[in-house]
Amino acid sequence: MIDRRPRLDHEAVPLGREFYARPTLDVARDLLGCQLVHDVDGQRRCGRIVETEAYVDIDDLASHASKGRTARADVMYGAPGHAYVYLIYGMHHCFNVVARDTELAGAVLIRALEPDDAALGRTDGPGRLCRALGIDRRHNRLDLTTTAGGLWIAPPLAPLAEPIEASARIGVDYAGEWAARPWRFFLPSSAWVSARQRRRPALPEARLPTLPPEA
DNA sequence: CTCGGGATTGAG
DNA sequence: TCAATCCCGAGC
């Protein structure tokens, strides 16, 4: 009998709190190549993260945290390593991980996965990957550093084979100059990264206004 | 309470 | 190019 379970290192353990308790931009880059895992109903759904976006702090007008500690964004102000899941356009979910070191609030949006099993369906795009893995708002605030909740992230199964590329974030043009920052990260050779958005232009960091000093 | 709009997607 | 569809945050 053929074992059709998605492959995953049996020794894999979830990334710990210390992984997420670092600058959000570092976490966003380091999540590339990691395995996002959802164990549900005795089944494992997982895939390799190939595209992320950083939402860095309360000054970042593209971030939900920029409106203050509202009911929705509250989890972004809480402990790193927890899930932030919200509904967008009334029909799609977006999955983020809370990440920061000294900032007030931060999160990384997971935008695309390479599925371990093609039967999962499409996992390119933040809404589609949530649908494929069965992630919804029930998972909001879930602790990702333990397997107890069924949703967690494991370190890469192999070192990255290529340099990370960066671009402007997608769908946040309302955020003015913040939208131009190169805070979207991806593995350029992955077929699960949108070709159309692949080389979305971003201003060099040096051309952008300096970040305000930390409070 | 109403109102405007969204970190998206899929169809036409 | 456009609409689906419901939640959130702002303002009265």
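Each chain gets a letter, A, B and so on, in the order its sequence line appears, and its residues count up from 1.
Each of dG10(B), dC6(C), dA7(B) was ranked by its minimum atom distance to the side chain of Leu87(A); first place goes to dC6(C). When distances run from any side-chain atom of Met91(A) to the nucleotides dC7(C), dA7(B), dA4(C), the shortest one goes to dA4(C). Considering only the side chain of Arg128(A), dT9(B) comes nearest among dA7(B), dT9(B), dC6(C).
Protein atom CE of Met76(A) is 10 Å distant from nucleotide atom C1' of dA7(B), rounded to whole Å. Taking atom CG of Asp124(A) as the reference point, atom P of dT8(B) lies 13 Å away to the nearest angstrom. Distance, Arg137(A) CZ to dT5(C) C1': 12 Å, rounded to whole Å. Atoms OH (Tyr174(A)) and P (dG5(B)) sit 13 Å apart, rounded to a whole Å.
Of the side-chain N and O atoms in Arg169(A), none sit less than 4.0 angstrom from OP1 or OP2 of dT8(B).
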* Dot-bracket for DNA chain B, please, read 5' to 3', with Watson-Crick or G-U wobble pairs under 3.5 Å on both distances, ( ) within the strand, [ ] crossing, | other strand, . unpaired. => ||||||.||||.

* Tell me, with the steps shown, if Glu114(A) and Thr123(A) meet side-chain hydrogen bond (donor to acceptor under 3.5 Å, both in side chains). => CA-CA 7 Å; Glu114(A) 287 179 6; Thr123(A) 51; over 6 Å; no

* Residues Asp59(A), Trp178(A); criterion side-chain hydrogen bond (donor to acceptor under 3.5 Å, both in side chains); working and verdict -> CA-CA 9 Å; Asp59(A) 302 302; Trp178(A) 294 95; over 6 Å; no

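Using a 4.0 Å cut-off between charged nitrogen and carboxylate oxygen, Arg141(A) and Asp74(A) count as a salt-bridge pair. Look at Glu53(A) and Arg169(A) and you find no salt bridge, because none of the NZ, NE, NH1 or NH2 atoms lies under 4.0 Å from a carboxylate O.
Checking Arg184(A) against Ser167(A) by side-chain atom types alone, a donor-acceptor pair falls below 3.5 Å.
Aromatic rings of His139(A) and His93(A) (six-membered ring for Trp) have centroids beyond the 6.0 Å cut-off, not under it.
Only one option out of Glu103(A), Arg29(A), Arg100(A) pairs with Thr24(A) in a side-chain hydrogen bond (donor to acceptor under 3.5 Å, both in side chains); it is Glu103(A).
Here Tyr55(A) counts as stacked on dA7(B): its ring centre is under 5.5 angstrom from the base ring centre and the planes meet at under 30°.
A 4.5 Å side-chain heavy-atom check between Leu144(A) and Leu151(A) finds at least one atom pair inside the cut-off.
The environment of Arg17(A) atom CZ is dense: over 12 non-hydrogen atoms of other residues, nucleotides or ligands sit within 6.0 angstrom.
Contacts with DNA chain B (heavy atom under 4.0 Å) in residues 64-75 of chain A: His64(A), listed by number.
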